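This report refers to the structure that appears directly beneath it.
Owing to the predicted nature of the structure, the values given are computational and were not obtained by experimental measurement.
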Amino acid sequence: MKKGDHLFLIDGSGFIFRAFHALPPLTRKSDGLPVGAVSGFCNMLWKLLTDARDTSVGVTPTHLAVIFDYSAKTFRKDLYDAYKANRSAPPDELIPQFGLIREATRAFNLPCIETEGFEADDIIATYALQAEATGADVTIVSSDKDLMQLVTPNIHMYDSMKDKQIGIPDVIEKWGVSPEKMIDLQAMTGDSVDNVPGIPGVGPKTAAQLLAEYGDLDTLLDRAHEIKQEKRRQAILENADKARLSRELVRLRSDVPLVLGLDDLVLEVQNGPKLIGFLKALQFTTLTRRVAEACNCDASAIEAADVKVEWGTAAHGPDLDAVEPEPVAGGIPDVEGAAVPIPATAKPAGKGFTPAELAKARAEAFAALPFDHSTYVTIRDLATLDKWIGDARATGLVAFDTETTSLDAMQAELVGFSMAIADNDKNPTGLKTRAAYVPIGHRNGVSDLLGGGVADNQIPMRDALPRLKALLEDESVLKVAQDLKYDYLLMKRYGVETKSFDDTMLMSYVLDAGIGAHGMDSLSEKFLGHKPIAYKDIAGSGRANVTFDLVDIDRATHYAAEGADVTLRLWMVLKPRLAAAKLTAVYERLERPLLPVLARMEERGITVDRQILSRLSGELAQGAARLEDEIYTLAGEKFTIGSPKQLGDILFGKMGLAGGNKTKTGQWSTSASVLEELATAGYELPRKIVDWRQLTKLKSTYTDALPGYVHPQTRRVHTSYSLASTTTGRLSSSEPNLQNIPVRTLEGRKIRTAFISVPGHKLISADYSQIELRVLAHVAEIPQLTQAFAEGIDIHAMTASEMFGVPVDGMPTEVRRRAKAINFGIIYGISAFGLANQLSIERSEAGDYIKKYFERFPGIRDYMDSRKQMARDKGYVETIFGRRINYPEIRSSNPSVRAFNERAAINAPIQGSAADIIRRAMIKIEPALAEAGLADRVRMLLQVHDELVFEVEDADVEKAMPIIVSVMENAAMPALEMRVPLKVDARAATNWEEAH
DNA sequence: GTGGTCTCCTA
DNA sequence: GTAGGAGACCACA
């Protein structure tokens with residue numbers, strides 16, 4: 001290198017962070033790999049190499065190197081233990097890009113430099129000073145203030161994002177001091193991001209002012225007693241040592257041992273085809289074209305390179321974005337010595353496992369690792385508890401489970417908790433686990449009049465709870481649980497808000513929806529080859545069953561510690577599988593963040609007016625009794641009307657009516673449709689049976705059952721949502737199911753009037769209009785449908801008009817009804833049989849309709865065929881956000897099983913995408929309301945697949961409604977721009993019936 | 001008491 | 001034709 005040469009040093013790691021935060025709409029490859037920073041990097045490089053004169057640098061490099069941080073552990077860590085201790089793991093989307101930018105650098109034929117124990121900045125400093133000594137000019141491509149100390153007349157910085165060159169005047173303008181004083185300035189101000197202490201209370205302005213006055217840090221510290229301002233003087237005197245330490249932390253080293261000398265950095269001629277191969281692999285089409293033009297290559301003749309994806313690179317499914325993930329929640333904790341063998345950053349090529357390899361290694365290792373109950377311990381004293389919690393902190397990972405008195409998280413009392421820890425034995429498959437149980441509220445069953453006595457040798461709740469709280473709320477420790485929503489809600493009732501978590505049930509759900517169950521026992525048998533102790537074996541069952549607080553502590557330890565151990569091992573197996581299957585984004589954006597949202601909804605509950613229900617129940621009882629008498633008279637005898645068997649005998653045996661169907665077990669079917677037909681044929685009895693059934697159904701399932709769910713303390717009804725019990729991604733609701741409250745009949749709707757807001761409040765119901773048909777229009781790209789939705793036309797009438805040639809104006813309701821049934825049929829994976837049933841028409845006629853429909857909307861047939869094909873080829877289909885739904889039986893040799901799976905595979909992307917959209921809305925809505933100052937004033941209570949119900953203070957209704965509507969209508973964005981608009985209707989009233 | 005079947009409520 | 005949960009009845013343990 002010589003005078004006149006120009007060395008460019010690119011801060012590769014810095015570029016990634018900068019580009020990541022500066023380019024919000026994430027760019028992704030079609031398979032979901034995030035490549036925004038890589039794209040920016042390649043464009044910037046290309047520009048510097050070819051037409052740098054167009055940039056503010058104004059000169060093309062003769063030498064160039066890209067510098068990376070090697071690892072978090074550097075000599076600075078030895079100087080100051082807490083250095084960069086505040087750094088959390090980089091965002092997940094960013095991780096794969098570290099490896100890819102290294103790949104890109106190699107594709108550009110450029111040296112890629114990193115040295116163990118040093119930060120990129122030190123390497124840059126070393127090269128820059130060496131180059132300057134030869135008389136060459138240097139441009140450091142970075143805008144990091146830590147590098148500004150290097151700026152001289154010959155060494156410039158270049159902010160490639162802003163296309164701005166940074167020289168001495170720019171540093172002075174920005175910081176008020178010349179570059180050589182930047183070290184002293186940073187020593188005083190410190191850096192909260194890197195955890196450089198500095199002097200408290202001294203920011204850039206004060207520091208610059210002090211340096212102007214005293215010249216440098218040493219002089220300042222010597223003469224600090226002269227400072228007039230009392231507070232400032234004291235701060236400086238007290239923190240002189242910290243300032244000196246900080247100076248050593250921010251001072252860049254210029255003596256890094258270098259493998260490549262300056263002359264090794266000389267720019268080589270580009271290898272056009274190699275670069276094009278790489279750019280094509282990443283789908284950077286514009287740049288590919290430019291490079292091809294520049295090197296006279298035919299890009300179409302060059303194959304996309306097989307870009308080797310490193311650690312964690314495949315961690316992402318399709319584009320999911322903008323829902324802010326819970327802070328650090330469930331990320332891999334960046335803790336020294338963490339037991340988690342998945343590294344937080346990309347590893348150099350050739351080292352370690354790919355996610356798929358790790359997943360395989362873990363699966364094999366844990367399938368064979370036996371469970372040893374003798375190692376489980378009972379923790380009965382605080383010292384041991386503190387030791388375990390300390391170990392959890394040190395490893396950054398703990399599996400956790402609660403034991404309680406009830407399956408109902410709203411009523412359960414904490415009896416004890418268990419923990420499992422993986423010890424870091426440097427074994428990448430993380431084979432060593434240990435577990436413990438902490439009894440807190442066990443009773444010995446020796447009951448007096450006040451109930452059982454407290455068992456001996458337990459840590460009292462008042463001592464255990466604060467420690468448990470500290471652990472669960474510690475963001476740097478990842479808590480792993482199976483079905484965490486239960487524990488989350490329970491602990492929330494004890495004033496604990498769990499932060500940083502993973503849920504093995506949800507991980508299994510994302511990975512294997514449609515394949516087996518996701519409960520702990522079945523997962524354990526499936527992945528660990530181990531059948532855990534059954535609850536009923538320690539607590540008994542039936543009449544002999546006892547609550548957990550009465551279980552003997554030793555037996556409880558076996559059960560509870562094993563549960564935590566199983567959970568930890570499942571996590572070890574499932575976590576790398578998520579990355580390998582590119583499902584991390586689905587898990588982190590659609591599953592995990594919803595868990596606390598649902599827990600809050602369940603905790604809030606909804607008020608149900610028991611008087612209304614009781615009155616309705618009486619009315620229903622009267623109506624049913626009257627019908628019973630009439631039924632007995634018509635039948636000529638008394639019988640159990642509710643027994644389909646007896647009823648079938650009466651109708652089709654004794655009375656000998658014709659037109660009966662048989663169920664699959666050979667019984668007479670007495671379903672409503674059969675009875676309706678008989679009624680239409682003129683028989684009185686079936687009509688009355690249908691009416692009787694409606695009344696008794698409403699009475700037993702709703703008016704009589706709901707009051708039993710009113711919580712004794714809150715006086716509200718708290719349903720439980722399941723995140724993982726449907727195959728498509730929908731939620732389900734149980735105990736009670738509040739997703740099937742009647743709405744279709746007048747009688748049924750009355751039940752909704754019992755769901756009320758508390759005084760001074762309203763219920764707001766907001767529901768998506770035709771969301772599944774809109775999703776269909778989007779995924780199948782049907783022009784007529786998209787257009788109709790864009791114009792707000794009646795979609796069923798449009799369908800009817802297309803199919804039957806009837807004008808929309810004055811269309812007979814029967815025609816529209818048929819079109820509507822066909823539209824729904826399409827969503828359900830239509831069959832002539834099903835449509836015929838629905839419309840009570842002949843199979844052949846239904847078949848004609850379907851044929852006609854496909855002629856009119858050929859895109860629908862293509863869509864359906866493509867879903868069936870995908871399910872056959874891959875075994876799964878997916879939603880627009882990348883959720884996978886598996887159909888392991890799609891290739892069954894049984895035609896009806898196969899057809900069933902095909903219909904489900906057609907329906908799942910539609911139903912599941914709609915479910916994903918409302919999930920996104922639910923996750924976004926609380927932050928949106930909080931931003932409007934409505935946190936806690938607008939409370940989301942219920943979800944009914946396409947509807948959300950809120951309870952809102954009267955004064956906030958007008959303000960809340962547009963926010964709710966807007967969040968819901970825009971829920972798909974910015975991850976996805978839909979081809980059709982989403983429409984949401986919202987209403988407020990004091991009860992659910994009027995609000996809906 | 002448990003589990004299967006039938007029926008019916010929702011989106 | 002898709003996806004659920006739940007109550008009543010009834011046979012079996």
Nearest listed nucleotide, side chain of Ile830(A), among dA3(C), dG1(C), dC10(C)
dG1(C)
Rounded to whole Å, OH of Tyr702(A) lies from P of dC9(B) at a distance of 7 Å
Do Asp985(A) and Lys983(A) meet the salt-bridge criterion of a basic N to acidic O distance under 4.0 Å?
yes
Side-chain contact check for Ser700(A): nearest option of dG1(C), dT2(C), dA8(C) is dA8(C)
Any idea which of dG4(C), dC10(C), dA3(C) is nearest the Gln646(A) side chain?
dC10(C)
Any N or O donor-acceptor pair under 3.5 Å from the base of dC9(B) to the side chain of Lys697(A)?
no
So if I take every side-chain heavy atom of Tyr828(A) and compare against dC9(C), dA11(C), dG1(C), which nucleotide ends up nearest?
dG1(C)
Rounded to whole Å, how long is the line connecting atom CH2 of Trp992(A) with atom C1' of dA11(B)?
11 Å
Are Tyr849(A) and Tyr853(A), when compared by the centres of their aromatic rings, separated by less than 6.0 Å?
no
Is the distance from OP1 or OP2 of dT7(B) to the nearest side-chain N or O of Thr670(A) less than 4.0 Å?
yes
Measure from the side chain of His996(A), starting at C-beta and using heavy atoms only, and say which of dT7(B), dA3(C), dA11(B) lies closest.
dA11(B)
Checking contacts here: which listed nucleotide (dC10(C), dA11(B), dA3(C)) is nearest the side-chain heavy atoms of Val944(A)?
dA11(B)
Could you tell me whether Glu772(A) contacts a base, only the sugar-phosphate backbone, or nothing, with contacts defined as non-hydrogen atoms closer than 4.0 Å?
nothing
Calculate the interatomic distance between Ile641(A) atom CD1 and dT7(B) atom C1'; express it in whole Å.
15 Å
Nearest of dA3(C), dG1(C), dG7(C) to any side-chain atom of Ala904(A)?
dA3(C)
I'd like to know if Glu994(A) pairs up with Arg752(A) as an ion pair, taking the criterion as any Lys NZ or Arg NE/NH1/NH2 lying under 4.0 Å from an Asp or Glu carboxylate oxygen.
no
Kindly point out which of dG7(C), dA3(C), dT7(B) is positioned nearest to the side chain of Thr701(A)?
dG7(C)
